[in-house]
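Notes to accompany the following structure.
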Protein chains: 2
Amino acid sequence: MKYNLIIADDHKMFLDGLLSILDTESDYNILFTAKHGGHVKKYISINTEEQIDLVITDVTMPEVDGIALNKWIKKTDRNIKTLVVSMHNSAKIIDDLIENNVDGYLQKNAQKEEFLRAIETILGGEKYFSKEIKDIYLQNKFEKNKEKEIKLTKREVEVISLIAEEFTTQEIADKLFLSKHTIESYRKNLITKLNVRNLAGLTKYAIKKGYVS
Amino acid sequence: MKYNLIIADDHKMFLDGLLSILDTESDYNILFTAKHGGHVKKYISINTEEQIDLVITDVTMPEVDGIALNKWIKKTDRNIKTLVVSMHNSAKIIDDLIENNVDGYLQKNAQKEEFLRAIETILGGEKYFSKEIKDIYLQNKFEKNKEKEIKLTKREVEVISLIAEEFTTQEIADKLFLSKHTIESYRKNLITKLNVRNLAGLTKYAIKKGYVS
DNA sequence: GTATTCATCCCAGAAAACAGGGATTTATGA
DNA sequence: TCATAAATCCCTGTTTTCTGGGATGAATAC
């Protein structure tokens, strides 16, 4: 029995490459290829009777991207596996996909063997993620949890941003039309809250958070 | 008259994809494909009589990578054009390639049309770089020039690192077995040199330079 | 509806950073 | 070798930050 696959990628070259490595495997039957997620949604919606085993999709595509497509497929209750391939390993993308029960994730520069292994693994009912991807996901989770404990208010963010932009307390007070005592309090609270020692620590935090560059 | 091409990439899938889009074009004759730069060097060395028009190569390959390969080809005086494709847009890689007279650079997620356009352009004797790549190159040049003007000594780097790690002047002095006056001087010089206002500016510089994280 | 957080303001003393001077010895490059 | 840069140290003020208190109204959450 052959597995039915759908592939979505707006890059002709990648598509051709993928088709060529799947061609050598007789187990796979390519039902449909698409240049964006919308076509895949439509195809799946129309062919309600057909058994679709796996959708392989790129992340970046016009209109409906891979993230949205995965989400949509996983809501259909039709037990369609998803394998997402991407150029880049963004923690945000990986996180979003895993939260939406994606079955596998590969970087586009993976070797032929890894592609085939991933597809086999997923069709066998298991998840497939490389060690690197797992690490990124866990690292991200870990950081997000740490961040959750420390939550800055709007004003605090404003103040720490200006501190990191090299303004003095008095200057910040003038800018925000507040008393310099107020800013001093904010600075004090920030140092305590963020568990740092001084302005350098505040600045580093602000940069890490992207409040300044 | 057909153009003679060589392609080097250790990713079967990419290779297949590239071959498939070149297949539709009758102008190109693929002389040779390789999984790493060493094979290409050998091929070119042996076939001294053969006209080789273009080598398309990946950056990351085992043993001899695309950067080394481009350098080598450009030293041969055989007027072989080079088109480098890469997964990532690293300023360092782009800079190195352009300094070594590469004829074009593409990101691997380029569309079929861009690949063909790039190859045509290069074979026509012109360079091919996307706007994005040009921007990265120029931005990098610009930053490198700015950096050249500001050069920190070993000691200054040590001091600014510790400052950014939230140590006070006295603590740094103790750590480095120096007088606190010395550290004060360094801090003062750093503020002047780097044209910042205070500790926050020093910290930001240290982070940008990767002295601390 | 009350407990908590947010946003605001105030004070005082100590510690540290900042600004603006110099000076000496040791490398080092032209 | 002679000038320049690097590394080190010193001083005096002034400004800013840091520490450790405290207070109040308003909004928000439980």
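Proteins come first, then strands; the chains are lettered A, B, ... in the order of their sequence lines, and each starts at number 1. Computed from a predicted model, the values in this text were never measured in an experiment.
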Query raised in the report: Rounding to a whole Å, what distance do you find between B:Phe177:CZ and D:dT8:C1'?
Result: 16 Å

Query - Heavy-atom protein contacts under 4.0 Å, nucleotides 17-26 of chain D, coded B base, S sugar-phosphate only, - none - result: BSBBB-----

Report summary line: residues 161-185 of chain B vs salt bridge (charged side-chain N to carboxylate O under 4.0 Å, His left out), sequence neighbours excluded, gives A:Arg197-B:Glu171, A:Lys204-B:Glu166

Report task. Considering just the side-chain nitrogens and oxygens of A:His181, establish if one lies under 4.0 Å of OP1 or OP2 belonging to C:dC11. Result -> yes

Report summary line: From CG of B:Leu194 across to P of C:dA19 the rounded distance in Å is 13 Å

Query raised in the report: Partners of B:Lys108 by side-chain hydrogen bond (donor to acceptor under 3.5 Å, both in side chains), sequence neighbours excluded?
Result: B:Asp9, B:Asp58

Report task. May I have all residue pairs that pass salt bridge (charged side-chain N to carboxylate O under 4.0 Å, His left out) and include part of residues 73-92 of chain B, sequence neighbours excluded? Result -> B:Lys74-B:Asp103

Report summary line: Picking from D:dT8, D:dC9, C:dC6, the nucleotide nearest the side-chain atoms of B:Tyr186 would be D:dT8

Requested in this report: Indicate whether the side chain of B:Tyr137 and that of B:Glu99 have a donor and an acceptor atom separated by less than 3.5 Å.
Outcome: yes

Requested in this report: Report the distance from atom CD1 of B:Ile183 to atom P of C:dC18, rounded to the nearest whole Å.
Outcome: 14 Å

Query - the helix from C:dG1-D:dC30 to C:dA30-D:dT1: angle between end helix axes, five pairs per end, rounded to 10 degrees - result: 70°

Query - Atom-to-atom span, CG of B:Leu190 to P of C:dA19 - whole angstrom - result: 13 Å

Query raised in the report: After noting the C-alpha distance and the side-chain angles of B:Arg117 and B:Glu114, does the key distance pass the salt bridge (charged side-chain N to carboxylate O under 4.0 Å, His left out) rule?
Result: CA-CA 5 Å; B:Arg117 185 153 23 94; B:Glu114 195 176 5; 5.1 Å; no

Report task. Decide whether B:Glu156 and B:Asn189 meet the rule of one side-chain donor and one side-chain acceptor closer than 3.5 Å. Result -> no

Query raised in the report: Roughly how many Å is it from CD1 in B:Ile172 to P in C:dA16, rounded to a whole number?
Result: 12 Å

Report summary line: The ring pair (Phe, Tyr, Trp, His ring centres under 6.0 Å) partners of A:His88 (sequence neighbours excluded) come to B:His88

Query raised in the report: Whole-Å distance between C:dT5 P and A:Asn189 CG?
Result: 12 Å

Report task. Can you tell me the distance, in whole Å, between the CG atom of B:Leu152 and the P atom of D:dA5? Result -> 15 Å

Query raised in the report: Within a strict 4.5 Å, meaning less than it, do heavy atoms of the A:Asn70 and A:Thr57 side chains meet?
Result: no

Query raised in the report: If you find the nucleotide of DNA chain C closest to A:Thr182 and the one closest to A:Lys193, which residue's nucleotide is nearer the 5' end?
Result: A:Lys193

Query - Whole angstrom value for the distance that separates C1' of C:dA17 from CD1 of B:Ile163 - result: 10 Å

Report task. Show your working on side-chain contact (heavy atoms from CB on, under 4.5 Å) between A:Tyr105 and A:Ile98 and close with a plain yes or no. Result -> CA-CA 9 Å; A:Tyr105 181 100; A:Ile98 292 182; over 6 Å; no

